[in-house]
Amino acid sequence: MTDRGSSVSGVNRRALFRYGAAGAAALTLPRSAARAIPPSPPPPSAPPPGNSSASAATAADFELSELSIADLQKRMASGQDTARSLTEKYLGRIEALDRQGPGLHSVLETNPDALAIAEALDAERKAGKVRGPLHGVPILLKDNIGTADKMTTTAGSLGLEGSIPDADAHVAKRLREAGAILLGKANLSEWANFRSTHSSSGWSGRGGQCRNPYALDRNPSGSSSGSGAATAANLCAAAVGSETDGSIVSPSNNCGLVGFKPTLGLLSRAGVIPIAHSQDTAGPMCRSVADAAVLLTAMAGVDPADPATKDAGSKIARDYTAFLDPKGLQGARLGIPRKGLFGQSPAADRIVEAAIAEMKRQGAVIVDPVELSGASEIGDGEFEVLLYEFKADLNAYLAALGPRAKNRSLKDLIAFNEQNRDREMPYFAQEIFEKAEGKGPLTDKTYLDALEKNLRLSRKEGIDKTMDANKLDALVAPTSGPATLIDLVNGDYGVGGSSTLPAVAGYPHVTLPAGFFRGLPVGISFFGRAWSEPALFKIAYAFEQATRQRRTPRFLPTSDLTGAPA
């Protein structure tokens with residue numbers, strides 16, 4: 001769930017997926033084979049161009065292309081579609097574009113019960129019962145989110161191949177209860193990119209290298225790479241990702257999506273393969289702000305199995321779509337923290353400067369610049385906390401899987417990767433695993449001091465201080481730069497990002513498309529205080545409606561983008 005786009009001791013935040021670093025261990029006996037997508041050998045750094053015109057035609061011809069969750073509900077209400085027919089169409093799309101065609105490698109497996117679930121939901125609708133806006137809507141889950149069905153939960157690792165937990169993750173359970181069809185598991189940066197300092201975002205032992213649908217040789221970012229690429233390519237109605245630092249917002253930036261990382265504790269982490277309990281959270285990845293509000297509404301909730309949700313009871317909105325106001329920028333006070341968050345990508349800076357000017361025309365009060373300290377001082381302290389918590393949290397997750405797990409600890413996983421080096425480590429190793437294994441318990445003074453410093457710098461002396469001093473509703477910055485090339489030789493590289501402070505603080509952060517540079521999407525970020533989701537939805541929705549920057553990808557090689565206008 002981390003992202004190398006902004007580096008902490010070599011950790012790629014774009015790659016560090018939200019909960020992904022969790023245990024490759026638990027191998028259980030499969031209850032029934034899920035519809036697995038056979039991994040292809042990861043492509044070289046520049047995938048072959050293929051037939052780009054054919055890919056573009058395939059993308060444009062899809063009947064459900066760019067339809068919102070509300071659009072799908074209208075089709076089902078009118079009888080134009082059923083939950084089954086929608087599911088069939090998305091499964092066909094996965095077959096045509098993910099397994100074949102441009103070969104996105106964004107989906108690890110599909111749910112063999114998806115059509116039967118869809119038929120049951122159609123029967124409910126026919127009987128007059130509609131559970132809500134997600135009734136009959138196909139959703140993909142990142143492969144670190146547990147499901148107690150015929151699909152596996154592996155964090156992309158061969159060390160967890162066949163693993164099926166005893167219970168759904170709380171967020172998966174809530175989606176089922178809301179009527180969503182859990183269509184499949186999305187590829188990710190293996191272990192949420194918390195295995196190696198030289199990893200390639202989107203690569204996993206199970207799925208190979210996920211590709212960016214805007215340009216096939218470009219990095220989809222991570223660690224929620226498959227959730228991002230699949231949603232951008234219209235392989236599903238929406239998807240769920242997870243983030244420790246950047247793993248929702250960075251792939252959303254690279255794949256032209258709305259990504260929402262909520263306040264820590266708004267969504268339960270129970271049943272999600274962990275990296276670090278002080279920063280991990282799941283969140284929606286969608287093609288529109290409205291769809292993100294629908295998904296977040298369904299997933300948010302108090303869970304006795306996750307103490308972090310205890311304080312969320314009075315903070316959770318009944319319906320986040322109630323805050324979608326097209327005039328939401330009028331009077332909104334937005335701070336521009338230029339130092340450290342601008343100046344990393346000239347292309348992103350130009351696009352966000354134009355966005356700031358537009359927000360001002362829409363009635364926003366722009367406070368420019370504001371001083372936002374903390375990120376540079378946190379530095380290696382974040383990585384230190386993640387190493388300690390990863391070892392403790394992953395070992396606890398694996399222990400809870402019980403005797404069926406063939407790998408029962410981080411130490412076991414390290415040995416498994418060594419024994420299967422040809423399949424698990426053909427491109428990069430496991431330095432982060434090894435560093436984490438060397439850490440002591442969570443009672444160590446080094447860990448406790450680093451955690452205290454991180455929270456103080458990111459919250460009291462960082463976001464809270466800046467927003468209070470300037471009476472702000474949100475802070476605004478480029479999410480990251482345009483997607484870089486896939487590089488399986490040297491690993492990820494990037495131009496930084498704005499994810500670290502809200503990630504370390506556990507505060508909400510939303511990104512959405514702000515523009516394009518040579519055919520590649522660039523996102524704008526809004527982040528703020530704890531529990532400020534309503535304000536962020538209001539602001540992001542108003543910006544989206546005023547600018548409408550989302551574009552459908554065309555699965556082009558970068559060479560086809562050379563002459564594209566900026």
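Note that the structure is a prediction, hence the values are computed from the model and not measured.
A donor-acceptor distance shorter than 3.5 angstrom exists from the side chain of Lys185 to the backbone of Ile145, with no hydrogens or angles considered. Between the side chain of Ser224 and the backbone N or O of Ser227 there is no donor-acceptor pair closer than 3.5 Å. When atom types are taken as modelled, the side chain of Arg93 and the backbone of Cys236 share no donor-acceptor pair closer than 3.5 angstrom. Counting only distance, with no hydrogens or angles, the side chain of Lys150 and the backbone of Pro112 share no donor-acceptor pair below 3.5 Å. Judged by distance alone, with hydrogens and angles left aside, the side-chain atoms of Asn253 form no donor-acceptor pair with the main-chain N or O of Val249 at under 3.5 Å. Under the 3.5 Å distance criterion, the side-chain polar atoms of Asp306 are matched with a main-chain donor or acceptor of Arg269. A side-chain donor-acceptor contact under 3.5 Å links Asn187 to the backbone of His105. Panel note: side chain Thr152, backbone Thr154; no donor-acceptor pair is recorded below 3.5 Å. With hydrogens and angles disregarded, a donor-acceptor distance shorter than 3.5 Å links the side chain of Ser204 to the backbone of Gly207. Of the possible polar contacts, none joining the Glu382 side chain to the Thr500 backbone as a donor-acceptor pair under 3.5 Å is found.
Trp203 places a side-chain heavy atom less than 4.5 Å from the side chain of Pro426. The shortest distance between side-chain heavy atoms of Leu341 and Leu475 does not fall below 4.5 Å. Residues Ser345 and Pro482 have side chains in contact (heavy-atom distance under 4.5 Å, counting atoms from C-beta outward). Counting heavy atoms from C-beta outward, Arg459 and Tyr507 have side chains that approach closer than 4.5 Å. Looking at heavy atoms from C-beta onward, Phe194 lies in side-chain contact with Leu387 at the 4.5 angstrom threshold.
Across all their heavy atoms, Thr147 and Thr153 have their closest contact at N-OG1, 3.4 Å. Pairing each heavy atom of Tyr388 with each of Lys439, the nearest pair is CE1-CD, 3.7 Å. Residues Gly381 and Asn454 share a closest heavy-atom pair of O-ND2, 3.2 Å. Shortest non-hydrogen contact noted between Cys255 and Ala229 is SG-N, 3.8 Å. Heavy atoms only, all atoms of each residue included: Gly228 and Leu257 are closest at O-CD1, 3.3 Å. Nearest heavy atoms, Val352 versus Gly523: CG2-O, 4.3 Å.
With 3.5 Å as the limit, one finds a donor-acceptor pair spanning the side chains of Thr558 and Asp217. Donor-acceptor pairing under 3.5 Å is recorded for the side chains of Ser499 and Asp245.
In this structure, the separation between CZ on Arg218 and CG on Leu556 is 12.0 Å, given to the nearest 0.5 Å.
The ring-ring contact (aromatic ring centres under 6.0 Å, His included) test with Phe390 singles out one residue from Tyr447, Tyr397, Phe433, and that residue is Phe433. The only option from Asn212, Thr231, Asp98 that meets the side-chain hydrogen bond (donor to acceptor under 3.5 Å, both in side chains) definition with Ser106 turns out to be Asp98.
At a threshold of 4.0 Å, the pair Lys453-Glu384 does not count as salt-bridged, since none of the basic side-chain nitrogens sits closer than that to a carboxylate oxygen. Comment: Arg206 engages Glu109 in a salt bridge, judged by a side-chain N to carboxylate O separation of less than 4.0 angstrom.
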Item checked: Check against side-chain contact (heavy atoms from CB on, under 4.5 Å), Gln209 and Tyr427 -> CA-CA 11 Å; Gln209 178 66 54; Tyr427 301 108; over 6 Å; no
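Glu418 is linked by a salt bridge (Lys or Arg N to Asp or Glu O under 4.0 Å) to Arg421, counting only residues two or more places apart in sequence or in another chain.
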